[in-house]
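Here's the structure we're looking at; comments come further down.
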Protein chains: 2
Amino acid sequence: MFLGKRLKELREQKEFLQRQLAAKLEIDTPMYSKIERGERNAKREQVQKLSKIFEVEESELLTLWLAGKIYDLIKDESIAKSAIAIVQSHIHEF
Amino acid sequence: MFLGKRLKELREQKEFLQRQLAAKLEIDTPMYSKIERGERNAKREQVQKLSKIFEVEESELLTLWLAGKIYDLIKDESIAKSAIAIVQSHIHEF
DNA sequence: TTTTGACTTGTCTGTATTTGGCTAATTTAA
DNA sequence: TTAAATTAGCCAAATACAGACAAGTCAAAA
């Protein structure tokens, strides 16, 4: 999973323990572990907190987080590519 | 919304009433109305039923349905484009 | 101008999914 | 072999959502 992989990188780089991050997010360690492995989805506010803790751009982590949510939606769909193409053609309006 | 717009087209083309389709899906008319206007999400099985009723390819409607779900996820996100780009680069593995 | 029929709006509720906590098991490091 | 860190599994609380129902709008017909 996109976000989890990056969180693990950052955590190891900064030499934090899962339980320390869990404490900062006010969840228990197993829960943090699940987020890191992509077994559970983080909430938006948690991602925002994590970007502060790790001192990276909020948009970096939020992008990975959103990508993961999209991926969960389409991962078992054979029509995934065409659905994404439709969305893209309507996104240019932003 | 993608699916709703197409459903309305098909319904008008075949001259069905909302209440007839609602009956076939075993939901009430307001519910069908909401699906058509994109105020509510159809379930996968409903989309499949509708493709049979309207005699169109199941994949056509399912693609629109999935596109709508993706769109709901990203519509308020400024980072939508980059998140989609990430997903796309990982989708080529199918 | 009433009535009728098609569709929409708003609200409520039961169900299903999500989120998080707890305990136990497993892995890793010393 | 311990001790610490991480993961797995299960249960309860919180949340989201499909669907029902009642009441509304808007046409066109009577």
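A, B, ... follow the sequence lines: proteins, then strands. Residue 1 opens every chain. Quantities reported herein were computed from a predicted structural model and do not represent experimental measurements.
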Query raised in the report: Do other residues, nucleotides or ligands put more than 12 heavy atoms under 6.0 Å from A:Glu15 CD?
Result: no
Report task. With sequence neighbours excluded, give me every salt bridge (charged side-chain N to carboxylate O under 4.0 Å, His left out) pair touching residues 17-34 of chain B. Result -> B:Glu26-B:Lys49
Query raised in the report: In whole Å, what is the span from the CD atom of B:Glu45 to the C1' atom of D:dA18?
Result: 11 Å
Requested in this report: Please name all residues satisfying salt bridge (charged side-chain N to carboxylate O under 4.0 Å, His left out) with A:Glu55, sequence neighbours left out, ordered by chain then number.
Outcome: A:Lys14
**Report entry** Intermediate values then yes/no, side-chain contact (heavy atoms from CB on, under 4.5 Å), B:Trp65 and B:Leu50
**Finding:** CA-CA 12 Å; B:Trp65 170 75; B:Leu50 288 167; over 6 Å; no
Query raised in the report: Minimum heavy-atom separation for B:Gln20 to B:Leu17, with atom names?
Result: OE1-N, 2.7 Å
**Report entry** Closest non-hydrogen atom pair, B:Ala67 against A:Ala83
**Finding:** CB-O, 3.6 Å
Query raised in the report: Name the one of A:Glu39, A:Gln18, A:Arg40 that satisfies side-chain contact (heavy atoms from CB on, under 4.5 Å) with A:Ser33?
Result: A:Gln18
Requested in this report: Determine, for A:Arg44 against A:Glu58, whether the closest basic-nitrogen to carboxylate-oxygen distance falls under 4.0 angstrom.
Outcome: no
Report task. Any salt bridge (charged side-chain N to carboxylate O under 4.0 Å, His left out) involving residues 60-74 of chain B? Give me the pairs, sequence neighbours left out, ordered by first then second residue. Result -> B:Arg6-B:Glu60, B:Asp72-B:Lys75
Query raised in the report: Atom OG1 in B:Thr63, atom CD in B:Glu57: separation rounded to 0.5 Å?
Result: 10.0 Å
Query raised in the report: Are OP1 or OP2 of D:dC17 and a side-chain N or O of B:Lys43 less than 4.0 angstrom apart?
Result: no
For nucleotides 5-11 of chain D, print each protein N/O atom paired with a nucleotide N/O atom at under 3.5 Å, atom names and distance only.
unit_1: D:dA5; atom_1: OP1; unit_2: A:Arg19; atom_2: NH2; d: 2.9
unit_1: D:dA5; atom_1: OP2; unit_2: A:Arg19; atom_2: NE; d: 3.1
unit_1: D:dA5; atom_1: OP2; unit_2: A:Arg19; atom_2: NH2; d: 2.7
unit_1: D:dT6; atom_1: OP1; unit_2: A:Arg11; atom_2: NH1; d: 2.7
unit_1: D:dT6; atom_1: OP2; unit_2: A:Gln18; atom_2: N; d: 3.1
unit_1: D:dT7; atom_1: OP2; unit_2: A:Gln18; atom_2: NE2; d: 3.0
unit_1: D:dT7; atom_1: OP2; unit_2: A:Ser33; atom_2: OG; d: 2.6
unit_1: D:dA8; atom_1: OP2; unit_2: A:Arg37; atom_2: NH1; d: 2.4
unit_1: D:dG9; atom_1: O6; unit_2: A:Lys34; atom_2: NZ; d: 2.9

Report summary line: Separation of D:dA18 atom P from B:Tyr32 atom OH, nearest Å, is 16 Å
**Report entry** Bounds of contact between DNA chain C and chain B, in 5' to 3' order, using a heavy-atom cut-off under 4.0 Å
**Finding:** C:dA6 to C:dT11
Query raised in the report: At under 4.0 Å between heavy atoms, what does B:Gln20 touch on the DNA or RNA strands: base, sugar-phosphate, or nothing?
Result: nothing
Report summary line: If each end axis of the helix from C:dT1-D:dA30 to C:dA30-D:dT1 is fitted on five C1' pair positions, the angle between them, to 10 degrees, is 30°
